[in-house]
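Take a look at the structure set out below.
The structure presented is a predicted model; accordingly, all values stated were derived computationally and were not measured. Letters A, B, ... mirror the listed sequences (proteins, then strands); counts begin at 1. Basis for what follows: all heavy atoms, side chains included, without hydrogens, waters or symmetry-related copies.
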There are 2 protein chains.
Amino acid sequence: MSLAHALLTSLLEKSSSGYDLARRFDKSIGFFWRATHQQIYRELARMEQAGWISSEAAPDGGRTRKKLYSVKPAGRRELKRWAREPAPMVELRDELMVRLRADAVVGPLGLEAEIERRAALHIEKLAAYRAIEARDFPEGSELSREARIQHLILKTGIMYEASWAAWSREALAVLRETAGD
Amino acid sequence: MSLAHALLTSLLEKSSSGYDLARRFDKSIGFFWRATHQQIYRELARMEQAGWISSEAAPDGGRTRKKLYSVKPAGRRELKRWAREPAPMVELRDELMVRLRADAVVGPLGLEAEIERRAALHIEKLAAYRAIEARDFPEGSELSREARIQHLILKTGIMYEASWAAWSREALAVLRETAGD
DNA sequence: TGCTCCATGTAACACGTTACATGATTGC
DNA sequence: GCAATCATGTAACGTGTTACATGGAGCA
């Protein structure tokens, strides 16, 4: 149940509405944890039920239905408790591997185009992350603990995309070898 | 729905029972696609319903309840059809990133031990994969297309574990920096 | 006899996805 | 006036997880 905890973290940084959270999840947090707005609304309702967060009408004089959520002490405690639990390992789980194995068994299926498509997406993401890094974490800058951790998270994304971009090149080389069919 | 297709691939390599498949998924295929026995039984039932596979009692004279599944032509066609579809990108999705961000917000939580635990697991897996590589794909050997693809898949696992092992070292360094709290 | 492994399954639940619905506000 | 965006939600479904159940086979 870590969507709840991702939301708690986000709300601690800034009290927000479900809608705002959904949009923020398309950016920073969304680099490593995606969620749709339906998921977020459902989870916020549960968290309020559990007493981790409270909501109030947004301070706009009732012009909108917007609700502002903020973290209660119990929510903060819960986040700390959870963060110390062992984190399940993320295992490699990729449909493309299943497809490659299928290709090996039922003959060449022309997966090259698909791999090229993915390579392009990885390179695109990589460039985006590197741009953010250059902007937010310029070389030689002194950073707070919080900023250093945020930088680490960004570098994780960079490592991830760079690895898969490199993998794509190797996979294409293997599929294009003509010898030994 | 790629569990079905992973099972089809497996069954094409060798007709098997659900139990056998579950055990094989703990090995080779399980490097990149895990499944519990319940999932496998449920999926096999559906696949038989769909006419992709057929089952017969194992040739042991009715001593066991074992069922042998084999792929029908429709199943082979379905596998080929599916393998050509675009494969959804695997996105980075890691609870540890959520925990790191929580650590940045609600103060040092001592995640170092957790990261060390994971580093050890990655290194262990890496060693296991490298041993398999040395055994099955010795240097300088000529390989068939099928074997080259299997080697590629194994190298994917190696890349993956090596990347995360290296990441763990960097993450520990960041968390252990004392300056600038 | 009792233990472990073989072999298959039911049931309930958690989580994520997709489709659909509603109504208000903002900008052209 | 109309479209896009804001803002929240219901419903149904697919997949994966966990717990529990059943019964035979092989072995000490």
Testing C:dC6, D:dA7, D:dT22 for proximity to the side chain of B:Tyr19, the answer is C:dC6
Mind calculating the distance between [atom1] ([X]) and [atom2] ([N]) to the nearest angstrom?
X: B:Asp20; N: C:dT8; atom1: CG; atom2: C1'; answer: 12 Å
X: B:Phe25; N: D:dG16; atom1: CZ; atom2: P; answer: 11 Å
X: A:Glu95; N: D:dG14; atom1: CD; atom2: P; answer: 16 Å
X: A:Arg23; N: D:dT8; atom1: CZ; atom2: C1'; answer: 15 Å
X: A:Leu21; N: D:dA7; atom1: CG; atom2: P; answer: 12 Å
X: A:Leu44; N: D:dA7; atom1: CG; atom2: C1'; answer: 13 Å

- prompt: Distance check: side-chain N/O of B:Tyr41 vs OP1/OP2 of C:dT8, anything under 4.0 Å?
  reply: yes
_C:dG9, OP1 or OP2 - any side-chain N/O from B:Lys67 closer than 4.0 Å?_
yes
Exactly one of B:Leu12, B:Ile149, B:Leu79 clears side-chain contact (heavy atoms from CB on, under 4.5 Å) with A:Val105, and that residue is B:Leu12
side-chain contact (heavy atoms from CB on, under 4.5 Å) with B:Arg99: of A:His5, A:Glu85, A:Arg84, only one passes, and it is A:Glu85
(message) Strictly distance-based, threshold 3.5 Å: is any side-chain N or O of B:Arg148 a donor or acceptor partner for the main-chain N or O of A:Val174?
(response) yes
Next on the checklist: Could you check whether A:Phe31 and A:Tyr129 have their ring centres less than 6.0 Å apart?
Outcome noted: yes
Looking only at heavy atoms, the pair that brings A:Lys14 and A:Arg24 closest together is O-NH2, 3.2 Å
All heavy atoms of A:Phe137 vs all of A:Ala147, minimum pair found to be CE2-O, 3.4 Å
Given protein heavy atoms under 4.0 Å, the one-letter contact record of nucleotides 15-21 of chain C, with B base, S sugar-phosphate only and - none, is simply SBBBBB-
